[in-house]
Trainee: 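Let me begin by handing over the structure; questions about it come next.
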Amino acid sequence: DRVTLYGKVQPSDLYQHVRNWDAAIIPFRSGKLSEAVDPIKIYEYLYFGLPVIVKGISHLKKLPRVQVVTDEIQFLQALAKLKEEVLIQPASSESSISQDVAQVLAESTWEHRFSDLLRILETEAWMSL
């Protein structure tokens, strides 16, 4: 009774749904494909201020407010940790979390990524790859 599946939601309508969420999940089966993806949903969820539990995409663990799990037990532990953080976390610490998220979002735009690529190409650092 606490989970509702809506199917496909247009990005412009996502805010109507997430305003009632306490957390978001990105469940992938572990494998070569999942380790190579960079799901857009992670940035949307972070933008809306949600903590995110991820399975199958270990490189997302470097992002703020993201917990990567490998199995159901870790998933339940992550949920319990989120519940505990909500109960004990002072409101003043939210500003630093927001700053971390804002920095990640600013560095994750296509423009920023393209600038990074150009910088690498211009310094010929790519020749050593």
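Residue numbers count from 1 along this sequence.
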Trainee: Glu107: which residues meet the side-chain hydrogen bond (donor to acceptor under 3.5 Å, both in side chains) condition with it, sequence neighbours left out?
Mentor: Gln103
Trainee: Does any pair with a residue in residues 68-82 pass salt bridge (Lys or Arg N to Asp or Glu O under 4.0 Å), and if so which ones, sequence neighbours excluded?
Mentor: none
Trainee: Going by atom type alone, with no hydrogens or angles, which donor-acceptor pairs under 3.5 Å involve a side-chain atom of residues 41-53 and a protein atom two or more places apart or on another chain?
Mentor:
unit_1	atom_1	unit_2	atom_2	d
Lys41	NZ	Glu44	OE1	2.9
Tyr43	OH	Asp38	OD1	2.8
Tyr43	OH	Asp38	OD2	3.0
Tyr43	OH	Arg113	NH2	2.9

Trainee: Just distance, no hydrogens or angles: give the donor-acceptor pairs under 3.5 Å from side chains in residues 23-33, sequence neighbours left out.
Mentor:
none

Trainee: With sequence neighbours left out, which residue pairs that include part of residues 15-26 fulfil the side chain to side chain donor-acceptor pair (under 3.5 Å) condition?
Mentor: none
Trainee: What heavy-atom pair brings Ser34 and Gly56 nearest, and what distance separates the two atoms?
Mentor: OG-O, 2.6 Å
Trainee: To the nearest 0.5 angstrom, please state how far the CG atom of Asp13 sits from the NZ atom of Lys8.
Mentor: 11.5 Å
Trainee: Who are the side-chain contact (heavy atoms from CB on, under 4.5 Å) partners of Glu111, not counting sequence neighbours?
Mentor: Thr109
Trainee: Drop me the distance from His112's NE2 to Asp116's CG, to the nearest 0.5 angstrom.
Mentor: 5.0 Å
Trainee: Please enumerate all residues that pass side-chain hydrogen bond (donor to acceptor under 3.5 Å, both in side chains) together with Gln74, with sequence neighbours excluded.
Mentor: Thr70
Trainee: In this structure, would Val101 and Leu14 fall into the same cluster of hydrophobic residues linked by side-chain contacts under 4.5 Å?
Mentor: yes
Trainee: So which atom in Leu60 and which in Val66 form the shortest heavy-atom distance, rounded to 0.1 Å?
Mentor: O-CG1, 3.4 Å
Trainee: Are Leu82 and Val69 connected in the hydrophobic side-chain network, where two residues link if heavy atoms are under 4.5 Å apart?
Mentor: yes
Trainee: Going by side chain to side chain donor-acceptor pair (under 3.5 Å), name the pairs with one or both residues in residues 50-61, residues two or more places apart or in two chains.
Mentor: Glu35-Ser58
Trainee: Under a 4.5 Å side-chain heavy-atom rule over Ile, Leu, Val, Met, Phe, Trp and Tyr, are Leu63 and Val37 clustered together?
Mentor: yes
Trainee: So which residues get pulled into Phe114's cluster when ILVMFWY side chains under 4.5 Å apart are joined, directly or through others?
Mentor: Leu118
